[in-house]
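To start, the structure itself, in structure tokens.
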2 protein chains.
Amino acid sequence: MPPKLHLQLDERSGVPVYRQMMDQFKYYVAGGVLRPGDQIPSIRELASALQVNPTTVVKAYTELERSGLIEKRHGKGAFVAPNARAFTQLEQEEALRRSAKQLAVEATQMQMPAPKVITVVREELGALHSDRSGEDVPVKFAVVGGGA
Amino acid sequence: MPPKLHLQLDERSGVPVYRQMMDQFKYYVAGGVLRPGDQIPSIRELASALQVNPTTVVKAYTELERSGLIEKRHGKGAFVAPNARAFTQLEQEEALRRSAKQLAVEATQMQMPAPKVITVVREELGALHSDRSGEDVPVKFAVVGGGA
DNA sequence: ACTCGTGTTTGGTTGTTATCCAACAGTTCG
DNA sequence: CGAACTGTTGGATAACAACCAAACACGAGT
């Protein structure tokens, strides 16, 4: 029972596409949305859905497999590895801290007051939480361009 | 009177170094820390301080000049362009929204509750605000590795 | 067997990123 | 002038990212 995934690529971020895909699978596993044994999109399927080259997905999946997070099975598909485990709350915090730090650096350089930063973050969180469209739509994966 | 800058490179972010440098100069100008006419580090000086190749700084400066944010003057140095202006509060919010969105995506994928996200953001903001060491140190630019 | 969807592999092309080295040229000051 | 800064330019190398295309191999179903 693979859950609905919502992978989001930002072309203008400068971050390699395969890295973005890797990161987001990691987050899904870290948060327990994706659990051991769950099937994830096939290489061709994901490549098609995200409009990227299949070899790019291959690279992401290969790296994820090398790190032990997923398993590719010839002829069957790709699955979350049996021993892949969700992060503890502490680990999740540390994982999120990287992005939070980047945000903090930018905000500080712009001399933006903390309350305003918090407001923006709240808004973005809210935007995603309310974005539960596609929940019972017959689409497994939604591609959302960078939003800009 | 160029203010003290605190440029921070994260090698593991996947974002090209010259892009990181560009972004941070943009933020400093956006927030009014860097103002028109202010001198910014020379190419060689910045390259040395951040331990990157001078040509990498050249690329960043050239792009920034092309976008009208700075000016390079042969033999004299690099300066914030006369017509470079700080962002309005609304523009600052929009600029920060990009990073905030990325943070929100990750948090959501990890199913992290909003309050916990806010807490982490607050902590990182606080860490930078208290990090005023090097304020009156005879160093113009501090290099801070990705922090991890 | 056949077919379809799966992962696998190979080779090539294109463009980007970043490095290193070297030389040239403008500015300022002693 | 000469020294010490500055930006400018060119060539070369290496690694990486992403694309494209074609073929090969495994699994499950008909």
Side-chain angles (χ1 to χ4, degrees), chain A residues 2 5 7 9-25 37-81 140-141 143 145-146, chain B residues 2 5 7 9-25 37-81 140-141 143 145-146:
Chain A
L5 300 184
L7 299 188
L9 298 183
D10 184 354
E11 316 170 14
R12 325 194 328 181
S13 70
V15 180
V17 170
Y18 83 98
R19 286 270 257 114
Q20 294 186 43
M21 298 192 301
M22 286 179 62
D23 287 339
Q24 300 194 29
F25 277 114
D38 279 352
Q39 185 164 15
I40 61 177
S42 76
I43 291 176
R44 290 179 179 84
E45 182 183 6
L46 184 56
S48 174
L50 296 180
Q51 289 288 293
V52 298
N53 196 281
T55 55
T56 301
V57 181
V58 169
K59 183 164 191 174
Y61 277 17
T62 300
E63 288 297 308
L64 284 173
E65 186 171 39
R66 208 175 52 81
S67 74
L69 201 79
I70 73 171
E71 279 183 6
K72 289 178 295 177
R73 295 181 201 152
H74 201 164
K76 307 184 75 173
F79 306 81
V80 177
K140 283 194 197 141
F141 310 97
V143 193
Chain B
L5 300 184
L7 299 188
L9 297 184
D10 184 353
E11 315 171 15
R12 326 192 333 182
S13 70
V15 180
V17 171
Y18 83 97
R19 286 270 260 112
Q20 295 186 43
M21 297 192 302
M22 285 179 63
D23 287 340
Q24 300 193 29
F25 277 114
D38 279 351
Q39 183 163 15
I40 62 178
S42 77
I43 292 177
R44 290 180 179 84
E45 181 183 6
L46 184 55
S48 173
L50 296 179
Q51 288 289 292
V52 298
N53 196 281
T55 56
T56 300
V57 181
V58 169
K59 181 163 193 175
Y61 278 16
T62 300
E63 289 296 307
L64 285 173
E65 186 171 39
R66 207 176 54 80
S67 74
L69 202 79
I70 72 170
E71 280 183 5
K72 290 178 295 176
R73 297 181 201 151
H74 200 162
K76 307 183 77 172
F79 305 82
V80 177
K140 283 196 198 139
F141 310 97
V143 193

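If you're wondering where the values come from, they're calculated on a predicted model, not measured in any experiment. Proteins come first, then strands; the chains are lettered A, B, ... in the order of their sequence lines, and each starts at number 1. All values below come from the heavy atoms of this structure, side chains included, with hydrogens, waters and symmetry mates left out.
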Taking the nucleotide of DNA chain C with the closest heavy atom to each, which residue, B:K59 or B:P54, is nearer the 5' end?
B:K59
A:P16 side chain, from C-beta outward: closest of C:dT17, D:dA17, D:dG7
D:dA17
Mind checking whether A:Q39 and A:V80 have side chains closer than 4.5 Å, heavy atoms only?
no
Can you tell me how far P of D:dC16 sits from CD of B:E11, to the nearest Å?
14 Å
Hey, does the side chain of A:S42 come within less than 4.0 Å of C:dG5's phosphate (OP1/OP2), counting only N and O?
no
Let's see if you can work this out: which of C:dT6, D:dT6, C:dT19 has an atom nearest to the side-chain heavy atoms of B:N53?
C:dT19
Interatomic distance where CG belongs to A:L9 and C1' belongs to D:dA18 [whole Å]
13 Å
Polar side-chain contact B:R44-D:dG7 base: donor and acceptor under 3.5 Å:
yes
Please report, rounded to the nearest Å, how far the P atom of D:dA17 is from the CD atom of A:Q20.
12 Å
Starting at OH of B:Y61 and ending at P of D:dG7, how long is that distance when rounded to a whole Å?
8 Å
Proximity to the side chain of A:Y18 - top-ranked nucleotide from C:dA18, D:dG7, D:dA18:
D:dA18
State whether B:T56 places a side-chain N or O below 4.0 Å from either non-bridging phosphate oxygen (OP1 or OP2) of C:dT19.
yes
Within this structure, what is the CE-to-P distance between B:M22 and C:dT17, rounded to whole angstrom?
10 Å
Kindly indicate whether the side chain of A:F25, heavy atoms from C-beta on, has any atom under 4.5 Å from the side chain of A:L5.
yes
Given 3.5 Å as the limit, does a donor-acceptor pair link the side chain of B:Q20 with the main chain of B:D10, or not?
yes
Taking only the side-chain heavy atoms of A:T55 (C-beta and beyond), determine which of C:dC20, C:dT6, D:dC19 contains the nearest atom.
D:dC19
Roughly, in whole Å, what's the span from CG in B:L64 to P in D:dG7?
13 Å
Smallest heavy-atom separation, A:Q24 atom then A:L7 atom, equals OE1-CA, 3.5 Å
Closest non-hydrogen atom pair between B:P16 and A:G14, with its separation
CD-O, 3.5 Å
Give the residues of residues 67-79 of chain A touching DNA chain D, defined as any heavy atom closer than 4.0 Å, sorted by residue number.
A:H74, A:G75, A:K76
Begin with the C-alpha distance, continue with both residues' side-chain angles, and end with the deciding distance and a verdict on side chain to side chain contact (heavy atoms under 4.5 Å, CB included) for B:M21 and B:L9.
CA-CA 8 Å; B:M21 297 192 302; B:L9 297 184; 4.1 Å; yes
Could you give the CD-to-P distance, from A:Q51 to D:dC20, as a whole number of Å?
10 Å
I'd like a table of donor-acceptor pairs (distance under 3.5 Å, sequence neighbours excluded) in which one partner is a side-chain atom from residues 57-64 of chain B, with atom names and distances.
residue: B:Y61; atom: OH; partner: B:P41; partner atom: O; Å: 2.8
residue: B:T62; atom: OG1; partner: B:V58; partner atom: O; Å: 2.7
residue: B:T62; atom: OG1; partner: B:K72; partner atom: NZ; Å: 3.0
residue: B:E63; atom: OE1; partner: B:R66; partner atom: NH2; Å: 3.1

Whole-Å gap separating C1' (C:dA18) and CG (B:L50):
14 Å
